[in-house]
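Note that the coordinates shown come from a computational prediction; the quantities given were computed from them, not determined experimentally. Quick note on labels: first sequence line is chain A, next is B, and so on, each numbered from 1.
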2 protein chains.
Amino acid sequence: MSTSTARFVRRIPEGEDRERLTCNDCGYVAYENPKIVVGSVVAVEGRVLLCRRAIEPRRGFWTIPAGYMELGETVEEGALREAREEACAELQLDGVLAVYSIARIGQVQILFRASLASPGFAAGPESLEVRLFDWDEIPWDELAFPSVHWVLQAWREAGDAPLGAPRGNPPADLRGTTPLPLRTSEAAA
Amino acid sequence: MSTSTARFVRRIPEGEDRERLTCNDCGYVAYENPKIVVGSVVAVEGRVLLCRRAIEPRRGFWTIPAGYMELGETVEEGALREAREEACAELQLDGVLAVYSIARIGQVQILFRASLASPGFAAGPESLEVRLFDWDEIPWDELAFPSVHWVLQAWREAGDAPLGAPRGNPPADLRGTTPLPLRTSEAAA
């Protein structure tokens, strides 16, 4: 299947103030909006559930169960779906732990604090492995994305207390501009 | 300018599990993602700032300064921009007060509690009027959207205390399915 965008050009539609991706043939405006990632820090008796990614980017690295929110679902439904897909886990959501903006790639991450609603988890098709980590075991050098670092720290700082206002980006990276680490395939090259 | 989408059909791209809007000519997949609305409940000495909409939908009705987040900005930057555009106001954001899902229209609203960073406000081009309301003066029957009701109640309940975890949809409307009120033009017809 072709993914050509050759017929799309950037121009300012009538009545707007910025360029939009517009089909040169039919005038269809493909609005490019920030995309929402929903996910959860899942804890079981103080240990954190992480998934080792079976897909690029960052195949082989560890992340929380999270992914793109789909049209027609709520943020909560999206976070529950991602945990089912990636970790075969049924979650109980506690509340929004963090809202991060990764402006460089047009992404907003809405991340919950959660526990297991029923025992058991396993690697779904997008995961190589799913397991629980004690805090001191977390493979910090093998985490998939900067925001996984951020949200694990936020989870640790929140402790068992009721959640406060969600954390935002850390002061050192307010706009989410830390480049992603290399893909493993590139790192190996 | 044409907004025809005649060349776009819904089909399941290779390797995916659901239909996507796909150009029949070039195969371009126009992913339809939930869109993010960012906005703020702005209070000045206990009074709430509301804007009377100069645009459809719901022209003439009152809302908080809020609008679609743009690509390349953070949620905080988006909320500040909307307050500038709609109310000529410079805000100080306090934290995320509410995260609502309006699944029916594929919208997620990230709404802050805020104050004025500098005195003064005025109607921007998308507002007919901007003013402060005492709680008892709020024109409940003339609010633009159900979520404006929700977030004003959430703001009231939060009081002056530090923010807790953001409110989600009210239990009576967990998926955001309350239909929008009629457009004023329809209501007048």
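- Side-chain atoms of B:Arg53 never come within 3.5 Å of backbone atoms of B:Arg59 as a donor-acceptor pair (strictly under, hydrogens ignored).
- Neither the backbone nor the side chain of A:Pro162 comes within contact range of chain B; no heavy atoms are under 4.5 Å apart.
- Interface remark: of the candidates B:Ala103, B:Gly106, B:Gly164, B:Gly164 forms the most heavy-atom pairs closer than 4.5 Å to chain A.
- For A:Glu77, the part lying near chain B is the side chain, with the backbone staying farther off; criterion is any non-hydrogen pair under 4.5 Å.
- Relative orientation of the A:Trp150 and A:Tyr100 rings is perpendicular, given thresholds of 30° and 60° on the angle between their planes.
- Among A:Val99, A:Thr74, A:Ile110, the residue making the largest number of heavy-atom pairs under 4.5 Å with chain B is A:Thr74.
- Both tests hold for A:Arg131 against A:Phe133: distance to the six-membered ring centre under 6.0 Å, angle to the ring axis within 45°.
- Under a 4.0 Å N-O distance rule, the pair B:Glu32/B:Arg10 qualifies as a salt bridge.
- Interface residue A:Leu174: only backbone heavy atoms are found under 4.5 Å from chain B.
- A donor-acceptor distance shorter than 3.5 angstrom exists from the side chain of B:Arg175 to the backbone of A:Gly72, with no hydrogens or angles considered.
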